[in-house]
Amino acid sequence: MKVIDVHAHVFPDSIAQKAVNNLKTYYSYTMHGKGTFSDLKNSADEAGVEKLVIHSTATKAHQVEDVNNFTSSLICDRIIGFGSIHPDYPDCEKEVDRIISLGLKGIKLHPDFQKFNIDDKKMFPIYDYICGKLPILFHVGDINSDCSNPKRLAKVIKMFPHLTVIAAHLGGYSRWDEAEEYLIGKDIYIDTSSTFASLSDERIVSIIKKHDINRVLFGTDYPLERHKSTIEHTQRLDLSDDAKEKIFYTNAYNLLVK
């Protein structure tokens, strides 16, 4: 079965270890990857992954251009890149245009790390400008912050119905009750990343079945998880082969490749 991982992170070699350690500390989560591009490729190769969608987040406004340059430098037939913007960057519209010109296929936002509320009014002009241009993958749900609460994203998708949204972690890491109440079943994409360590297989299947199967995407959240184990776990879920094919490949292909 072909696989596209829509949610993988990669860092420059010089800071990868520090970034992985910071993630481990923040989430109190055992990390299974090194965070470097070479280790990411090794993880994907071990599992036969066809394409990777990579993300790096600018946690400060001055990092935006460097982050986007780094991500775009890794693009190839196998690698799809998502860019980064920051609410305090002085000209987000110009940078969105540059993201497109760099060949990046979407934007990743992590409200908790970037320190803004998803439904902050200062983000509305940015969302409006991105509508119809690129999908946004939002980190949603957090154990330490309310910035990415699923309820906040629900306000945004109601205000911007033409915004293509991917809500990571089945709609809300550590906040799956709120994800089911506010996001699941809505006209958005969700990904499966960072769910297996926290949810039972039965709960994962239940959430997926409540959503449009054509809008569920496979993600590992590498370096939190490696590809082989995550793919094997997904294959064990009580879902039809057709549903798994859509999750692993078809839905992401139609959204980002076709």
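- In this structure, Phe124 has its ring center under 6.0 Å from that of Phe160.
- Transitive grouping of hydrophobic side chains (ILVMFWY, heavy atoms separated by less than 4.5 Å) keeps Val64 and Leu109 in distinct clusters.
- Side-chain atoms of Val6 and Leu255, non-hydrogen and from C-beta on, never get closer than 4.5 Å to each other.
- With 3.5 Å as the limit, one finds no donor-acceptor pair spanning the side chains of Ser148 and Asp142.
- Counting all heavy atoms, side chain and backbone alike, Leu104 lies closest to Asn68 at CD1-O, 4.1 Å.
- Without hydrogens or angle criteria, Thr71 side chain to Gly81 main chain gives no donor-acceptor distance under 3.5 Å.
- A pairwise comparison of heavy atoms in Thr230 and Gly219 identifies CG2-O, 4.2 Å as the closest pair.
- Judged by distance alone, the side chain of Thr36 and the main-chain N or O of Asp13 form no donor-acceptor pair under 3.5 Å.
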Practice prompt. Could you check Leu239 against Ile247 for side chain to side chain contact (heavy atoms under 4.5 Å, CB included), going step by step and ending with a plain yes or no?
Written response: CA-CA 10 Å; Leu239 296 166; Ile247 292 169; 3.9 Å; yes
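- Scanning all heavy atoms of the two residues, the minimum distance from Met31 to Leu224 falls at CE-CD1, 3.5 Å.
- The pair Arg203-Asp177 meets the salt-bridge criterion, since a charged nitrogen lies less than 4.0 angstrom from a carboxylate oxygen.
- Side chain of Gln63 to main chain of Thr59: a donor-acceptor pair is present (N/O by atom type, distance under 3.5 Å, no hydrogens or angles).
- Put simply, the side chain of His9 never gets that close to the backbone of Ser56: no donor and acceptor are under 3.5 Å apart.
- Under the 4.5 Å side-chain contact rule for hydrophobic residues, Leu52 and Val67 do not share a cluster.
- Within a 6.0 Å sphere centred on NZ of Lys133, other residues, nucleotides and ligands contribute more than 12 heavy atoms.
- Between Asp91 and Arg98 there is no salt bridge, since none of the side-chain N atoms of the basic residue sits less than 4.0 Å from a carboxylate O of the acidic one.
- No side-chain donor-acceptor contact under 3.5 Å links Tyr89 to the backbone of His62.
- Atom CG of residue Leu170 and atom CG of residue Leu183 lie 11.0 Å apart, to the nearest 0.5 angstrom.
- Summarising the geometry of Gln114 relative to Ile85, their closest heavy-atom pair is NE2-O, 2.8 Å, with the distance given to 0.1 Å.
- No donor-acceptor distance shorter than 3.5 angstrom exists from the side chain of Glu180 to the backbone of Gly171, with no hydrogens or angles considered.
- Asn214 places no side-chain N or O within donor-acceptor distance of the main-chain N or O of Lys246, the cut-off being under 3.5 Å.
- Among all heavy-atom pairs drawn from Gly172 and Ala179, the shortest one is N-CB, 4.0 Å.
- The main-chain N or O of Thr195 is never found under 3.5 Å from a side-chain atom of Ser198 such that the two would form a donor-acceptor pair.
- Ring pair Phe113/Tyr27 is tilted by interplanar angle, where 30° to 60° counts as tilted.
- A donor and an acceptor atom, one from each side chain of Asp119 and Tyr127, are nowhere located under 3.5 Å apart.
- At a threshold of 4.0 Å, the pair Arg226-Asp39 counts as salt-bridged, since one of the basic side-chain nitrogens sits closer than that to a carboxylate oxygen.
- For the pairing with His55, the ring-ring contact (aromatic ring centres under 6.0 Å, His included) check across Phe70, Phe82, Phe138 returns one residue only, Phe82.
- The salt bridge (Lys or Arg N to Asp or Glu O under 4.0 Å) contacts involving residues 183-200 comprise Asp187-Arg215, where partners must be two or more places apart or lie in separate chains.
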Fill in: Audit row: Asn69, Leu102, side chain to side chain contact (heavy atoms under 4.5 Å, CB included) steps and yes/no
CA-CA 8 Å; Asn69 291 340; Leu102 289 171; 4.1 Å; yes
Worksheet item: Hey, mind stepping through Gln17 and Asn21 against side-chain hydrogen bond (donor to acceptor under 3.5 Å, both in side chains) and telling me if it holds?
Response: CA-CA 6 Å; Gln17 187 60 60; Asn21 289 342; 3.0 Å; yes
Item to complete: Please assess Ser193 against Thr220 for the test side chain to side chain contact (heavy atoms under 4.5 Å, CB included), listing each intermediate value before the final yes or no.
Response: CA-CA 5 Å; Ser193 64; Thr220 61; 6.0 Å; no
Worksheet item: Does the pair Tyr222 and Ile54 meet the rule for a side chain to side chain contact (heavy atoms under 4.5 Å, CB included), with working shown?
Response: CA-CA 9 Å; Tyr222 172 93; Ile54 60 171; over 6 Å; no
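- The structure places NE2 of His227 at 11.5 Å from CG of Asn42, a figure rounded to the nearest 0.5 Å.
- Between the His169 side chain and the Ser174 main chain, no donor and acceptor come within less than 3.5 Å of each other.
- With rounding to the nearest 0.5 Å, the separation of CE in Met1 from CD in Glu50 is 13.0 Å.
- Distance OG1/Thr164 to CG/Leu134: 9.0 Å, rounded to 0.5 Å.
- Summarising the geometry, atom OG belonging to Ser72 is positioned 13.0 Å from atom CD1 belonging to Ile79; distances are rounded to the nearest 0.5 Å.
- His139 and His110 have parallel rings, their planes meeting at less than 30° on a 0 to 90° scale where 60° marks the start of perpendicular.
- Between the side chain of Lys51 and the backbone N or O of Asp77 there is at least one donor-acceptor pair closer than 3.5 Å.
- Using a 4.5 Å heavy-atom cutoff, the side chains of Ile231 and Thr234 are not in contact.
- When Leu137, Val53, Ile166 are each tested for a side-chain contact (heavy atoms from CB on, under 4.5 Å) with His7, only one passes: Leu137.
- Looking only at side-chain heavy atoms (C-beta outward), Ile208 and Ile213 come within less than 4.5 Å of each other.
- In this structure, the side chains of Lys105 and Val257 stay at 4.5 Å or more apart for every pair of heavy atoms.
- Using a 30° and 60° split on the angle between ring planes, Tyr249 and Tyr253 fall in the parallel class, below 30°.
- In this structure, Val20 and Pro223 approach most closely via the heavy-atom pair CG2-CG, 3.9 Å.
- Residues Asn22 and Lys18 meet the side-chain proximity criterion, which asks for heavy atoms closer than 4.5 Å.
- Between Tyr182 and Asn149, the side chains place no donor N or O within less than 3.5 Å of an acceptor N or O (distance only, hydrogens not considered).
- Rounded to the nearest 0.5 angstrom, Ile107 CD1 and Ile99 CD1 are separated by 4.5 Å.
- Looking only at atom types and distance, the side chain of Asp201 has a donor-acceptor partner in the side chain of His233 under 3.5 Å away.
- Remark: Lys122 NZ is packed, more than 12 non-hydrogen atoms of other residues, nucleotides or ligands lying under 6.0 Å away.
- Salt bridge Asp88/Lys60: absent, no basic N to carboxylate O contact under 4.0 Å.
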